[in-house]
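Predicted model, so just to flag it, every value in this text is computed and none were measured. Here is how names work: the chains are called A, B, and so on, in the same order as the sequence lines, proteins then strands, and each is numbered from 1.
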2 protein chains.
Amino acid sequence: MGTRLADVAAHAGVSVQTVSNALNNPALLKPTTLERVLASVDALGYAPNIQARRLRQRTVSTIGLRIEPVVDNIASSLLDRFLHELTAQADELGRHVLLFTATSDEEEVRKIRRLQSERAADQFVLSGTHPGDARVDALLEAGLPFVAFGRPWDASAPHAWVDVDGAAGTREATEALLDAGHRRIGFVGWPAGSGSGDDRRAGWADAMRERLGIDDAGLERLTARSDDRVGEAVDATAHLLPHVDALVCASDSLAAGAIAAAAPSGRRLPVIGFDNTSLAAGLGFPSIDQSLDEVARAVHAAFADPTSTTLVRPRLVRRDDTRWGIAPVADRGSAPS
Amino acid sequence: MGTRLADVAAHAGVSVQTVSNALNNPALLKPTTLERVLASVDALGYAPNIQARRLRQRTVSTIGLRIEPVVDNIASSLLDRFLHELTAQADELGRHVLLFTATSDEEEVRKIRRLQSERAADQFVLSGTHPGDARVDALLEAGLPFVAFGRPWDASAPHAWVDVDGAAGTREATEALLDAGHRRIGFVGWPAGSGSGDDRRAGWADAMRERLGIDDAGLERLTARSDDRVGEAVDATAHLLPHVDALVCASDSLAAGAIAAAAPSGRRLPVIGFDNTSLAAGLGFPSIDQSLDEVARAVHAAFADPTSTTLVRPRLVRRDDTRWGIAPVADRGSAPS
DNA sequence: ATGCCTGGTTGGATCGTTCCAATCTTGACG
DNA sequence: CGTCAAGATTGGAACGATCCAACCAGGCAT
């Protein structure tokens, strides 16, 4: 509990500084002294007072991360998983993760400023960057060290970022369906202009263009758009269903909506979601997983190298659950002709 | 950035101590000085160095909380929501939340010890306490300040805790179904012996006994049990379906399984889940919500009063979504005779 | 022997705040 | 007009670590 460096020093018969060196710079000590000191350290169960260290070193190695207030939506689970990975890895790197909440981007920037100036955190992660994001420029201008989870849509200066290659994910999903014999593969996405939504559609579109030679007009006819809610997606996909034999979706909510829309007909329609949330796991449909462990790894690395930029490749998680009339991806039997 | 108490003091023409008092104990100052000092404070944009304060005060007002490593399950989302609430309220109380991960209860205790002795956190939340939980006794013995989220199943000494009254929740759900005219209301739960699982079943059982006079044998015939996975729940509820006209479930996963099992028949069967996770929101079935905001509030309060024990009442969230053949709770039309 | 260098070790100052006790004001009152 | 108490302000010592520069022993060259 209350053992200080001085106690260990007295116990080992050396100076305070030597004990400090034993822990932080062991190479400086004569091997025999080192051994003796370390023995005293764990004889007394000493652990350094982290606050004192931080005060002296003028660094807190703490990552500040905003989390959203609770809402009844599904999207947040993605950030939660990222948070878990980030924390697990931070443990090993001797970093800490400090959470705070904010209800708007402006408030987030204010709180980051505050945390920085009161030295509660000295590194920040901006998650969910989007086109027109004012946070990036605000932090750049203030000279605050941060890594963005999300590519720079329109930042005025370069900065460290990590993002998931959504297009690569939907492309993989689309090609898996093509390989399984499907041809009329539809896409259910969000309204245009959302950055990552457009990115996800692009992967599907590219694959369809390349492999089947479909033109833009044709692609548009295979596309449905809806806000990210199951209920709305049900309605939005209804008109698309007669014309497709498989679906790639920009999110699991949309996928769930599509499945709900298709269920009454009794058809076996392969549907692939995005983000691999609990919704996909629960309903049992395949989904594209964002590899958040890799994202977290890249974020940690980016704190050391502020010029780093990383695009992580997501991977398709297959599921062979056939409840709800969901057909597994590789189920050739469900592919017409 | 680097403005210190001393800078403010110089600017305002007072001593360092006076500035400190202005911020922490304003009543001590003459109103005119107070005003002058505060003016200097925000003229210079001063924010106290939190590390220095913690070092001096020998207290860090930081709550340590373990989060589970990522797994593909649904249960974790509950803890995540609790985390969000806890954090949001901590912000306002000047507390911080520090996360760490552990893969076993033993590791959790070790890490808590460590965080305590290095003064990284000085308050802890133990979540998901269960019968036979060794963590509680370990922390009690070590004299570490903690609040349990979960009642004390077999702790050897009293301690602060907060829990959700699961029985009250399932009772409310059951009574809502009874009021809607249902009589043969089944229960889908976990294998006996899980503490909170037994608690949730008790609420349903009590209501059925009191209102319909069903005996234990009868209740047992209306019960299905399954591990907390959608797939298993589908199989486990199959035999129950012919004998019930509504279901109360111990979790949303179980509810989703029950709904999946009932879907093929085309029946409109009201199903109520527990925890109000994204699965319930996504599929659109009613669920019992744990009121995690109240839980978080009680946890914060318990840190101030270590003898505090709180049982929070959950509330039924109704949904009138009829996809999947889920009937809304109050839908009399679906209630037979 | 004197000086010099290098590997080990040490003392003292410092990070920025709050605690504690002492000092200075002020005003009321005999 | 001096005394005393309460009110307001202040100086200095902590909190517990690391930084920095200085010290010491001894091996080697001069």
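Distance, A:I50 CD1 to D:dA17 C1': 11 Å, rounded to whole Å. Between the CG atom of A:N25 and the P atom of D:dT18 there is a distance of 10 Å, rounded to whole Å. Atom-to-atom, CG of A:L55 to C1' of D:dC15 comes out at 9 Å; the value is rounded to the nearest Å. For the pair A:Q51 CD and D:dA14 C1', the computed distance is 17 Å after rounding to whole Å. One can place CG of B:L5 at 6 Å from P of C:dT18, the figure rounded to the nearest angstrom. Summarising the geometry, the separation between CZ on B:R4 and P on C:dC15 is reported as 7 Å, rounded to the nearest angstrom. Between the C1' atom of C:dG16 and the CG atom of B:L44 lies a distance of 16 Å, rounded to the nearest Å. Look at CD on A:E35: it is 15 Å from P on C:dG8, rounded to the nearest Å.
Considering only residues two or more places apart in sequence or on other chains, B:S196 meets the side chain to side chain donor-acceptor pair (under 3.5 Å) condition with none of them. Partners of B:S291 according to the side chain to side chain contact (heavy atoms under 4.5 Å, CB included) rule, which considers only residues two or more places apart in sequence or in another chain, are B:D293, B:E294, B:V312, B:R315.
The residues A:D91 and B:K111 are annotated as salt-bridged, a charged nitrogen and a carboxylate oxygen being separated by less than 4.0 angstrom.
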Under 3.5 Å between N/O atoms: give me all the protein pairs with nucleotides 9-13 of chain D, atom names plus distance.
unit_1 : atom_1 : unit_2 : atom_2 : d
D:dT9  : OP1    : B:T33  : OG1    : 2.6
D:dT9  : OP2    : B:K30  : N      : 3.1
D:dT9  : OP2    : B:T33  : OG1    : 3.4
D:dT10 : OP2    : B:S15  : N      : 2.8
D:dT10 : OP2    : B:S15  : OG     : 3.2
D:dT10 : OP2    : B:T18  : OG1    : 2.7
D:dG11 : O6     : B:Q17  : OE1    : 3.3

Salt bridge (Lys or Arg N to Asp or Glu O under 4.0 Å) assessment of B:R81 paired with B:D289: CA-CA 11 Å; B:R81 278 171 49 205; B:D289 188 278; 2.9 Å; yes
Full working for salt bridge (Lys or Arg N to Asp or Glu O under 4.0 Å) between A:R66 and A:D105: CA-CA 10 Å; A:R66 164 192 181 183; A:D105 285 357; 3.2 Å; yes
Worked verdict on B:E118 versus B:R114 for salt bridge (Lys or Arg N to Asp or Glu O under 4.0 Å): CA-CA 6 Å; B:E118 65 185 7; B:R114 183 148 207 286; 3.5 Å; yes
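The phosphate of D:dG16 has neither OP1 nor OP2 within less than 4.0 Å of any side-chain N or O from A:Y46. At least one side-chain nitrogen or oxygen of A:R58 sits closer than 4.0 Å to the OP1 or OP2 atom of C:dG16. OP1 or OP2 of D:dT18 sits under 4.0 Å from a side-chain N or O of A:N24. Within the 4.0 Å cut-off from OP1 or OP2 of C:dT18, at least one side-chain nitrogen or oxygen of B:S20 is found.
Each of B:A27 and A:N49 has a nearest nucleotide on DNA chain D; the 5'-most of these lies closest to B:A27.
Few gaps surround CD on A:E107; more than 12 heavy atoms of other groups in view lie less than 6.0 Å from it.
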